[in-house]
Novice: 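Quick one: the structure is below, questions incoming.
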2 protein chains.
Amino acid sequence: MEKARITIKDVAKRANVSIATVSLVINNNARISKTTRTKVLNAIKVLNYYPSKSAQSLVSKKTRNLGFILTDDHFLRTEPFYTRIFLGAEFEAGRNEYYVLLATVKTDYNEGVQIPRFVFEGSVDGIIIAGKIPTELLSELLKFKIPLVCVDFYRNDIDYPVVLIDNIQGGMIATEHLLNLNHKNIAFLGGDINHPSIADRLIGYKSALQKANIKINENIIITNSPYPNRQNGYDSARLLFDNNNDVTAIFACNDAMAIGAMQYLKDNNIYVPQDISLVGFDDVEANLLLDPPLTTIRVPKIDLGVEAVKYLIEIINNKNTTSKKIIVPVELIIRNSTSEHYIK
Amino acid sequence: MEKARITIKDVAKRANVSIATVSLVINNNARISKTTRTKVLNAIKVLNYYPSKSAQSLVSKKTRNLGFILTDDHFLRTEPFYTRIFLGAEFEAGRNEYYVLLATVKTDYNEGVQIPRFVFEGSVDGIIIAGKIPTELLSELLKFKIPLVCVDFYRNDIDYPVVLIDNIQGGMIATEHLLNLNHKNIAFLGGDINHPSIADRLIGYKSALQKANIKINENIIITNSPYPNRQNGYDSARLLFDNNNDVTAIFACNDAMAIGAMQYLKDNNIYVPQDISLVGFDDVEANLLLDPPLTTIRVPKIDLGVEAVKYLIEIINNKNTTSKKIIVPVELIIRNSTSEHYIK
DNA sequence: TTAAACTAGTTAAACGTTTAACTTATTGAT
DNA sequence: ATCAATAAGTTAAACGTTTAACTAGTTTAA
């Protein structure tokens, strides 16, 4: 004995109105009087009615689904960076009564470009691309003329909507924090300077120094490692201290580099923060387990997802074709790896 | 100039058949001759036609969506355990032309039980529950009479479909591996013995020893820590070696414990694997970075997701009401933390 | 030879909404 | 007093499928 689905007809009957009226109430149409509205709303509640998604999308041509695309290795990274962005997207989508469909694509695509199924099946109203995906895939996706926003990934040869974090501001507030603690000789430990994020962080660093009228010392800006990981953080710190002895603070371009640098300092009996203050960037989980816990710039991953969805929905609704850049601010998280510098 | 959607009508027209015929071809109905079928298939390809999901589900009452529920902390865990299960589910769902909708629920639910939206909205044909969720939520979910399978989570007071890993087998093959390497005095480092998984691993350990006719020595079975983490692994190892000196191998109930034990051994200048062979369980990513890399039991997380979806789809299709248990086998991964024991 | 049984399709209703176009009653302006 | 404008609904078509019931032609069985 299947219990039949409760439809708009049942609601209409119980509220003594036409099904059109019920529909208009559901869609918050102003044409319905307050009395009728509450009567209908009541019937909906009593009957525990939920409109059929399929019937709705059949006529409205909206699926109320959003696609979320990332590479499988991004999704599976130990550090839950993109997972958090996805979760933020999922949250914001839910608030707007959207569902999000995930598709992972392979990082290397030998066997041609693989367009996620929901794109050509028309199962989504828009898509979010998180992190770097193969260039060809992006171009293919753009051809579909489907609303699309990229998050934490930017190519400046194409113009499309994008949500990014404010790397320049991050570099600035990290450096300003150290300046406020009386540090003058602040080193920058960067990885690959060609990476746009790192370049921006360096810009922030430099502009904070300039604003404080401190001359930029290129000798304590280390940007020759290919990739910003722990090992290179360690090596960069060594390089730094082999050639300089008046540095009192370090701004590392990410937490991994900072952790590596911290290890170097520990190995050489240099105390953090008594001898050297240290600031990272990203706010990865491991930071809390460090001794001392790392002062860093928090990247609001959840927010990135939230903003991406907000922006995407805006595009879907307004057909807003101007592809702006949304820059999400970052935040300074003060822990114990930084302290005031006293001139001895 | 919106380009109109290509519908079944267009295909029918082009293939010179009725729309019913097209539908029957799409659904692989045997009533259609081979000639007509290929004619239709051809039209579909030429026109690049994809059936409208909403129209399909409106009449078929199937959404072709699967719900995936886990707690937010499980989803955000640094170690991508549930993320992998989710990905496996996503893969298998895609292969069967399903989409999966994710919902995270809060671990502690002060404000009443929170049923994911897709459940009462009827947006999914079935749901997968991954990992432990609040008991009340599970009971509420079961009330909906919607097809449901739990993965990596089991309560033996309720009877429902479940996909689990074979902990007993895992305990056995881990122990047998050590036995094959000539070890006789093999310790077991367990956390909370009340946890069903750990209890099962111990059962596997014991039965392997019995099969090899080796007497079980309760003194080298350490199961008094509340939780199997690194610290407790370290402490358990200390406890073990404080009271025993003939142990030549350790089977730790999970990798975290193993890593803790390895640290203890390192701190006490006991060499792995020369002095002590060590086997873990789980195969977490960190194992590869260890020195030496850890021999362990791999839990096939992707497979867990795959199996859960397979099972769920089976239930959806066959209305199979017998709620069986699916046990996914685990695999021994031999790295460098184990080696042959030579009697000196 | 004839009826029954297949085979390979077609017709048309149904699924549960939205929405343009219509209706009817009320209000406002002149 | 008259007509236009507004308010608050209703009617009915449309969205793109599936599928039960039907049809017409061909085989099979006795």
Side-chain angles (χ1 to χ4, degrees), chain A residues 2-44 47-65 97 120-123 125 316-317, chain B residues 2-44 47-65 97 120-123 125 316-317:
Chain A
E2 285 284 328
K3 101 176 142 190
R5 176 178 189 116
I6 291 177
T7 76
I8 201 171
K9 279 187 192 169
D10 303 312
V11 178
K13 194 168 292 176
R14 187 168 231 281
N16 247 310
V17 295
S18 72
I19 64 162
T21 303
V22 178
S23 175
L24 293 172
V25 168
I26 291 170
N27 294 289
N28 284 312
N29 191 299
R31 210 158 64 203
I32 305 298
S33 71
K34 195 147 195 180
T35 4
T36 319
R37 168 178 300 281
T38 52
K39 204 170 52 174
V40 170
L41 253 22
N42 206 49
I44 287 178
L47 294 175
N48 192 33
Y49 164 72
Y50 289 92
S52 150
K53 292 272 164 201
S54 18
Q56 286 182 318
S57 37
L58 180 57
V59 23
S60 71
K61 269 118 173 52
K62 297 284 173 198
T63 65
R64 285 266 146 188
N65 288 153
E97 304 198 53
F120 46 74
E121 273 185 357
S123 298
D125 298 336
I316 291 173
N317 291 334
Chain B
E2 286 283 328
K3 106 177 134 182
R5 177 180 189 115
I6 292 178
T7 74
I8 201 170
K9 279 186 193 169
D10 303 313
V11 178
K13 194 168 292 174
R14 187 167 232 279
N16 248 311
V17 294
S18 71
I19 63 162
T21 303
V22 178
S23 175
L24 293 172
V25 168
I26 291 169
N27 295 287
N28 283 310
N29 191 301
R31 212 156 64 202
I32 306 298
S33 71
K34 193 145 195 181
T35 3
T36 320
R37 167 178 302 279
T38 52
K39 203 170 50 175
V40 170
L41 255 20
N42 205 50
I44 288 178
L47 295 175
N48 193 31
Y49 164 73
Y50 290 93
S52 150
K53 292 270 166 204
S54 18
Q56 286 182 316
S57 38
L58 180 58
V59 23
S60 71
K61 267 116 176 53
K62 296 285 173 198
T63 65
R64 285 266 146 189
N65 289 154
E97 303 198 56
F120 46 75
E121 273 184 356
S123 298
D125 298 337
I316 291 173
N317 292 334

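Throughout, a chain's letter reflects where its sequence line sits, starting with A, and its residues are numbered from 1.
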Novice: Quick one: label B:Thr36 by what it contacts on the DNA or RNA (base, sugar-phosphate, nothing), any heavy atom closer than 4.0 Å.
Specialist: sugar-phosphate

Novice: Check this one for me: any side-chain N or O of A:Ser60 less than 4.0 Å away from OP1 or OP2 of C:dT19?
Specialist: no

Novice: Between D:dG16, D:dG9, D:dT19, which one does the side chain of A:Ile32 approach most closely?
Specialist: D:dG9

Novice: Whole angstrom is fine here: how far is it from CD in B:Glu121 over to C1' in C:dT17?
Specialist: 15 Å

Novice: Ignoring backbone atoms, test whether B:Ser57 places a side-chain nitrogen or oxygen under 4.0 Å from the OP1 or OP2 oxygen of D:dT17.
Specialist: no

Novice: Once rounded to the nearest 0.5 Å, what's the spacing between atom OG of B:Ser60 and atom CG of B:Asp125?
Specialist: 8.0 Å

Novice: Round to a whole Å and report the spacing from CD1 of B:Ile8 to C1' of C:dG9.
Specialist: 14 Å

Novice: Is the closest side-chain heavy-atom distance between B:Lys53 and A:Thr63 below 4.5 Å?
Specialist: no

Novice: Going by heavy atoms in the side chains, are A:Ile26 and A:Ile44 under 4.5 Å from each other?
Specialist: yes

Novice: Given B:Ile8, which partner from the list B:Ser52, B:Ser23, B:Ser18 fulfils the side chain to side chain contact (heavy atoms under 4.5 Å, CB included) test?
Specialist: B:Ser23

Novice: Whole Å only: how far is the NZ atom of A:Lys53 from the P atom of C:dT18?
Specialist: 10 Å

Novice: What residue among B:Arg37, B:Arg31, B:Lys39 forms side chain to side chain contact (heavy atoms under 4.5 Å, CB included) with B:Val25?
Specialist: B:Arg37

Novice: Between B:Tyr49 and D:dT17, does any side-chain N or O lie under 4.0 Å from OP1 or OP2?
Specialist: yes

Novice: Has B:Lys61 got a side-chain N or O lying under 4.0 Å from the OP1 or OP2 atom of C:dG16?
Specialist: yes

Novice: Quick one: is C:dT18 close enough that its OP1 or OP2 comes under 4.0 Å of any side-chain N or O from A:Ser23?
Specialist: yes

Novice: Take A:Asn27 and B:Ala30, find for each the nucleotide of DNA chain C with the closest heavy atom, and name the residue whose nucleotide sits nearer the 5' end.
Specialist: B:Ala30

Novice: Provide, to the nearest angstrom, the distance between the CD1 atom belonging to B:Ile26 and the C1' atom belonging to D:dT17.
Specialist: 8 Å

Novice: Could you tell me whether the phosphate oxygens of C:dT10, OP1 or OP2, come under 4.0 Å of any side-chain nitrogen or oxygen in B:Ser18?
Specialist: yes

Novice: State which of D:dA8, D:dT17, D:dT19 makes the closest approach to the side chain of B:Leu24.
Specialist: D:dT19

Novice: Distance check needed: C:dC15 C1' versus B:Lys62 NZ, whole Å only.
Specialist: 15 Å

Novice: Using a cut-off of strictly less than 4.0 Å, decide whether A:Ser33 has a side-chain nitrogen or oxygen near OP1 or OP2 of D:dG9.
Specialist: yes

Novice: A:Lys9 NZ to D:dT10 P: how many Å, rounded?
Specialist: 16 Å

Novice: Counting only distance, no hydrogens or angles, is the base of C:dT10 paired donor-acceptor with the side chain of B:Arg31 under 3.5 Å?
Specialist: yes

Novice: In this structure, how many angstroms lie between the C1' atom of C:dG16 and the OH atom of A:Tyr50, rounded?
Specialist: 17 Å

Novice: Can you tell me the distance, in whole Å, between the NZ atom of A:Lys34 and the P atom of D:dG9?
Specialist: 14 Å

Novice: Quick check for you: among D:dT18, C:dG16, D:dG16, whose closest atom lies nearest to any side-chain atom of B:Ile19?
Specialist: D:dT18

Novice: Of the nucleotides D:dT17, D:dG9, D:dC15, which has the atom closest to the A:Leu58 side chain?
Specialist: D:dC15

Novice: Please determine whether a side-chain nitrogen or oxygen atom of A:Gln56 lies at a distance below 4.0 Å from atom OP1 or OP2 of C:dG16.
Specialist: no

Novice: For the side chain of A:Val59, starting at C-beta, report the closest nucleotide among C:dT10, C:dT18, D:dT10.
Specialist: C:dT18

Novice: How many angstroms lie between CD in B:Glu121 and CD in A:Glu97, if you round to the nearest 0.5 Å?
Specialist: 6.5 Å

Novice: Which one, D:dG9, C:dT10, C:dG16, comes nearest to the side chain of B:Thr21?
Specialist: C:dT10

